[in-house]
Structures are given as structure tokens and as C-alpha cells.
Amino acid sequence: MNAVIAIDGPSASGKSTVARRLAAGAGYLFVDSGALYRGITWKALKNDMDVNSESVIDGVVDSVDFDFFTKDGAVCFRIDGVEPGLELRTEKINTKVSIIATYPSVREKVVSLLRGMRELGNLVIEGRDITTAVFPDARYKFYLDASPEERARRRHVEMAEREDIAEEAVLDSITKRDEIDTTRERDPLRVAEDAEIVDTTSMDLEEVIDYIAGRIEV
Ligand code: CDP
């Protein structure tokens, strides 16, 4: 069975950059699980569908065709033949993705696709329910956290390259998303009992990577 290093945490806690770098260092494949939830949201919005209607989104889940491939050490995908790329990271998707991620049909589909990725190789995978629901048997489990203000600052720097958005609006958006993600009925974001919490509020990226790399043996 291939090894899994699982990292959960709230928005902009540094999970994806840290996971990508750890994967590169270990020769593991990097998986951004949130991208799959974003992909389903992208397809729904592209087709002018109502994301507030669970039955409408159930239909999207039934018809969506994910085609996975590996590129630059990461698991990537096309949806219905198209690679959505940075379109997944817009504020429009940010505001809707957590709504569709509450729907059981969406979660079942994504969890099953993510579990299948273990066949592709050893994984470093990040998200909200990886340590608790997707791979509870992961070899290493981390929960990355940081204060909401610090997370908003980081996410704003990242988004400002592509979109004109104020830092306060980013803080408001990630706070709303945290609330939905931590209170949803199915597989909410929480700290797994056996996960190590890493508070990155006053750490820079290199410090976080060095710290976690020092905790794992691959
Ligand atoms: O990059 P960021 O941390 O802002 O978000 P993401 O990892 O792309 O995840 C987007 C959204 O997908 C989250 O806010 C959750 O609502 C949902 N998600 C989830 O429910 N479970 C996961 N394992 C990953 C993401």
C-alpha cells in the first residue's frame, strides 16, 4: 500500500505550498483535494446552474467526468476534457465552493476519487477532511493553522496578482468559508485526534517546511 502524508487546515494556512514542497522533497505525488470541489463548482457555474440547489448539483456530480493525469509531481485533471487551471481560484468560486462541499453526493464522489489516487503512488495530500475521513490511516497527519488575519494577509498577496480585491474582503470571505467548513454535518474540518497541530502564524514558509520535513521519515 502506498504511503500517505495528510495535511488538513483552514483556508490559506499554507497547506498547498507546504504539501507541494514536501512532496517534491520526498518524491511523492502532491494532491490538492480542494481543487476537485472547486472543479465541480466551476462546472456548475459555467453552466449557469444554481449552486444553492442540492438536487441540481447532484445532477452535476452524476455527469462530471474527471480525467486525472500527473504533471510536475502533482495529480492534475481535466473536467469534461478541459483543464480549468487558474479559473478554479477566482473569488466567484471561493464564495460558492463551500456550499457545494456540504452536499453528500459531492463529498462521496470526491472522497472516492481521492482514495483512488493512492494507486498512483505515495501521496502528500491536503484538504479539510483528509486526516479524518479520506485517509484516516495516513502515515503522518498534520493540521496547519494560523490566525484569520494572517491567513487573509497571505491569501490577499496571492490573489492580488490576478484579481482586484481588498484584504478585508478576503478576510470576510475566508471567515465565512471557515464557518461553513467547520459546521457542516458531513466530515467537517476538525483536528484529528492523532494529528499534530502546527500554528504557522509567526512562521515563514521555509520554517514550516523545515519543521514538518523534520517530523517525517520517507
Ligand atoms: O485554497 P483554500 O484552502 O482556500 O481552499 P481549497 O483547499 O481549495 O478548498 C476549497 C473548499 O473546498 C474548502 O473551503 C472546503 O469547502 C472544500 N474542501 C472540503 O470540503 N474538503 C476538502 N478535503 C478540501 C476542500
Side-chain angles (χ1 to χ4, degrees), residues 4-20 30-45 51-52 57 61 66 74-77 84-117 123-136 138 141-146 148 150-159 161-163 165 169-192 195 200 205 208:
V4 173
I5 299 172
I7 305 177
D8 282 326
S11 203
S13 53
K15 301 180 308 281
S16 63
T17 314
V18 169
R20 194 182 279 279
F30 162 68
V31 181
D32 167 4
S33 66
L36 277 71
Y37 293 95
R38 288 175 180 273
I40 294 171
T41 312
W42 175 80
K43 174 167 178 171
L45 294 177
V51 296
N52 294 305
I57 300 302
V61 170
F66 279 98
V75 179
C76 306
F77 56 81
L86 282 173
E87 284 181 32
L88 295 181
R89 317 282 325 165
T90 60
E91 183 55 15
K92 197 168 166 204
I93 293 201
N94 288 344
T95 60
K96 304 293 181 199
V97 60
S98 291
I99 299 169
I100 73 121
T102 63
Y103 301 148
S105 67
V106 172
R107 302 210 70 80
E108 268 159 33
K109 173 92 180 184
V110 173
V111 169
S112 138
L113 291 170
L114 294 171
R115 287 192 180 138
M117 289 180 192
L123 307 177
V124 181
I125 170 166
E126 54 93 3
R128 302 289 189 290
D129 62 343
I130 309 302
T131 57
T132 55
V134 181
F135 292 119
K141 298 185 182 185
F142 296 95
Y143 186 95
L144 256 58
D145 209 351
E150 174 59 16
R151 293 189 285 116
R153 191 194 64 74
R154 292 176 189 169
R155 181 51 54 92
H156 180 249
V157 169
E158 190 186 312
M159 288 184 76
E161 290 171 15
R162 307 187 297 266
E163 246 176 294
I165 184 166
V170 177
L171 177 59
D172 184 53
S173 168
I174 65 173
T175 306
K176 284 199 179 107
R177 209 135 57 85
D178 286 353
E179 170 72 15
I180 302 175
D181 290 344
T182 52
T183 57
R184 71 173 171 237
E185 205 165 307
R186 199 160 176 131
D187 301 336
L189 170 65
R190 62 181 177 84
V191 184
T200 71
L205 197 59
V208 181

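FYI, the numbering just counts along the sequence from 1. First listed ligand is number 1; within each ligand, the first listed atom is number 1.
- Applying the salt bridge (charged side-chain N to carboxylate O under 4.0 Å, His left out) test to Arg115 and every residue at least two apart in sequence or in another chain returns nothing.
- Distance alone, capped at 3.5 Å, places no donor-acceptor pair between the Asp8 side chain and the Tyr143 backbone.
- Between the Asp32 side chain and the Ala35 main chain, a donor and an acceptor come within less than 3.5 Å of each other.
- Considering only residues two or more places apart in sequence or on other chains, Ser13 meets the side-chain hydrogen bond (donor to acceptor under 3.5 Å, both in side chains) condition with none of them.
- Note that CD1 of Ile100 and CG of Leu45 are 9.0 Å apart. Values are rounded to the nearest 0.5 Å.
- Protein residues with a heavy atom under 4.0 Å from ligand 1 are Ser11, Ala12, Lys15, Ser33, Gly34, Tyr37, Arg38, Arg89, Val97, Ser98, Ala101, Arg107, Gly127, Arg128, Asp129, Ile130, Arg155, Arg177, Asp181, Arg184.
- Under the rule for a salt bridge (charged side-chain N to carboxylate O under 4.0 Å, His left out), Lys96 has no partner lying at least two apart in sequence or in another chain.
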